[in-house]
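One-based numbering along the sequence shown.
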Amino acid sequence: METVVENSRGSSKDDPVQLGQSIRRRRKALGMTLAQVAAQSELTTGFISQVERGISSPSLSSLLAIASTLQSSVEELLSVENDFSPYVSQGMRKTYALGLRGRRYEKLGPGFPGALCYPSIIHRPAGHVSERMRHEGEVFCYLLAGRLEYHLGDQVHMMSAGDTIHHDTSIPHFSIVVSEEDSEELWVSTLPIKAGSTPL
């Protein structure tokens, strides 16, 4: 899956070179070698090298593993800025995407440094299957449009527009967009996608 970064006005740019440079800068700032990052993220040295040179684009799970190893977050590695404004007009939201047909994120916060809640609106195409995740914290989702098949531990919840789900994220979870139209989901999490997130 390729990584795509979008600016605040929504025009997308596929720039794996910029992401690779960001990863390299962070790795060198920590004094880590390619081999160390590869070993701790359970990826190969060759793959990390290709990502840093912009030859390969990591999947979400790989990017999460790299971010965790580098004590960073996906947003930081994608150079998505935090303006820390308590008020943000609709046209000035920061947006970014993962995958050419993957999730598109609209940042609704955080409004100030040290905030405990990270709200966002996530748009996903029909048929999209999120990666299975487990990490510290909690999330709340209000489904604005579309339908989801939400897997939480051993339970499966069929969600329609207007439904909500709120759970401990240490429970394994993933979801599938089962509607013919794209889903639109309002999420509030206690942590952004960052170190400590574990793809399953």
Side-chain angles (χ1 to χ4, degrees), residues 1-15 57 59-61 63-64 73-111 115-135 137-153 155-169 171-194 197 199-200:
M1 178 176 69
E2 295 182 346
T3 302
V4 179
V5 182
E6 297 185 345
N7 64 26
S8 60
R9 295 186 180 180
S11 58
S12 63
K13 59 177 182 178
D14 185 1
D15 196 354
S57 295
S59 67
L60 175 59
S61 61
L63 188 54
L64 281 166
S73 70
V74 169
E75 290 186 356
E76 289 171 343
L77 293 179
L78 290 173
S79 301
V80 180
E81 297 178 357
N82 279 330
D83 292 336
F84 298 122
S85 173
Y87 169 78
V88 179
S89 62
Q90 181 176 349
M92 294 304 295
R93 291 176 188 163
K94 292 290 189 302
T95 67
Y96 64 98
L98 293 173
L100 294 174
R101 282 287 292 161
R103 296 175 177 174
R104 181 168 60 86
Y105 295 80
E106 295 184 54
K107 286 172 59 67
L108 305 179
L116 300 179
C117 295
Y118 292 79
S120 62
I121 294 177
I122 303 178
H123 304 264
R124 298 164 57 196
H128 184 276
V129 181
S130 69
E131 297 189 51
R132 291 168 173 81
M133 301 295 300
R134 181 180 61 214
H135 51 93
E138 61 182 281
V139 293
F140 170 86
C141 172
Y142 177 87
L143 186 58
L144 298 168
R147 290 185 294 113
L148 298 181
E149 180 180 296
Y150 201 102
H151 295 250
L152 179 62
Q155 299 180 326
V156 179
H157 302 279
M158 301 305 298
M159 298 181 64
S160 299
D163 292 347
T164 65
I165 192 162
H166 181 193
H167 66 86
D168 181 340
T169 50
I171 302 172
H173 56 281
F174 74 98
S175 61
I176 305 169
V177 180
V178 294
S179 53
E180 294 183 359
E181 71 272 19
D182 293 358
S183 70
E184 185 175 351
E185 309 157 24
L186 172 63
W187 287 86
V188 180
S189 63
T190 52
L191 289 174
I193 299 177
K194 61 176 294 181
S197 299
L200 299 175

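- With sequence neighbours left out, Glu184 forms a side-chain hydrogen bond (donor to acceptor under 3.5 Å, both in side chains) with no residue at all.
- For the pair Ala126 and Asp182, the tightest heavy-atom approach, listed with the atom from each and the gap, is N-OD1, 3.3 Å.
- By the salt bridge (Lys or Arg N to Asp or Glu O under 4.0 Å) test, Glu185 pairs with Arg124, sequence neighbours left out.
- The pair Lys107-Glu75 meets the salt-bridge criterion, with a side-chain N (NZ, NE, NH1 or NH2) lying under 4.0 Å from an Asp/Glu carboxylate O.
- Arg104 places none of its side-chain heavy atoms less than 4.5 Å from the side chain of Ile122.
- Using modelled atom types, no side-chain atom of Ser85 and backbone atom of Val88 make a donor-acceptor pair closer than 3.5 Å.
- Note that the CH2 atom of Trp187 and the SG atom of Cys141 stand 4.0 Å from one another [nearest 0.5 Å].
- Formation of a donor-acceptor pair under 3.5 Å by the Ser179 side chain with backbone atoms of Gly146 is not found in this model.
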Set out, in order, the CA-CA distance, both residues' side-chain angles and the distance that settles side-chain contact (heavy atoms from CB on, under 4.5 Å) for Glu138 and Thr190, then state yes or no.
CA-CA 6 Å; Glu138 61 182 281; Thr190 52; 3.2 Å; yes
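- Rounded to the nearest 0.5 Å, atoms CG (Leu108) and CG (Leu186) are 6.5 Å apart.
- A search for side chain to side chain contact (heavy atoms under 4.5 Å, CB included) contacts involving Glu149 returns His151, Val156, Met158, Ile176, Val178, not counting sequence neighbours.
- With values rounded to the nearest 0.5 angstrom, His157 atom NE2 is found 9.0 Å from Tyr150 atom OH.
- In this structure, the side chain of Glu76 engages the main chain of Ser73 through a donor-acceptor pair within 3.5 Å.
- With sequence neighbours excluded, the residues that form a side-chain hydrogen bond (donor to acceptor under 3.5 Å, both in side chains) with Asp168 are Ser170.
- In this structure, Pro125 and Val177 have side chains that are not in contact, with every pair of non-hydrogen atoms separated by 4.5 Å or more.
- Under the 4.5 Å side-chain criterion, counting only non-hydrogen atoms from C-beta, Ser160 is in contact with Arg147.
- Two residues are said to be in side-chain contact when any heavy atoms from C-beta on lie closer than 4.5 Å; Val188 and His166 fail this criterion.
- When side chains are defined from C-beta on, Thr95 does not count as touching Tyr105, because their heavy atoms never get closer than 4.5 Å.
- The OG atom of Ser175 sits 12.0 Å away from atom CE of Met133, with the distance rounded to the nearest 0.5 Å.
- Remark: Thr169 pairs with His135, Val139, His167, His173 by the side chain to side chain contact (heavy atoms under 4.5 Å, CB included) rule, at least two apart or across chains.
- Tyr142 is linked by a side-chain hydrogen bond (donor to acceptor under 3.5 Å, both in side chains) to nothing, counting only residues two or more places apart in sequence or in another chain.
- Separation of atoms NE2 (His128) and CG (Leu148) is listed at 11.0 Å; rounding is to 0.5 Å.
- A distance of 14.0 Å separates CG of Leu78 from NZ of Lys94, quoted to the nearest 0.5 Å.
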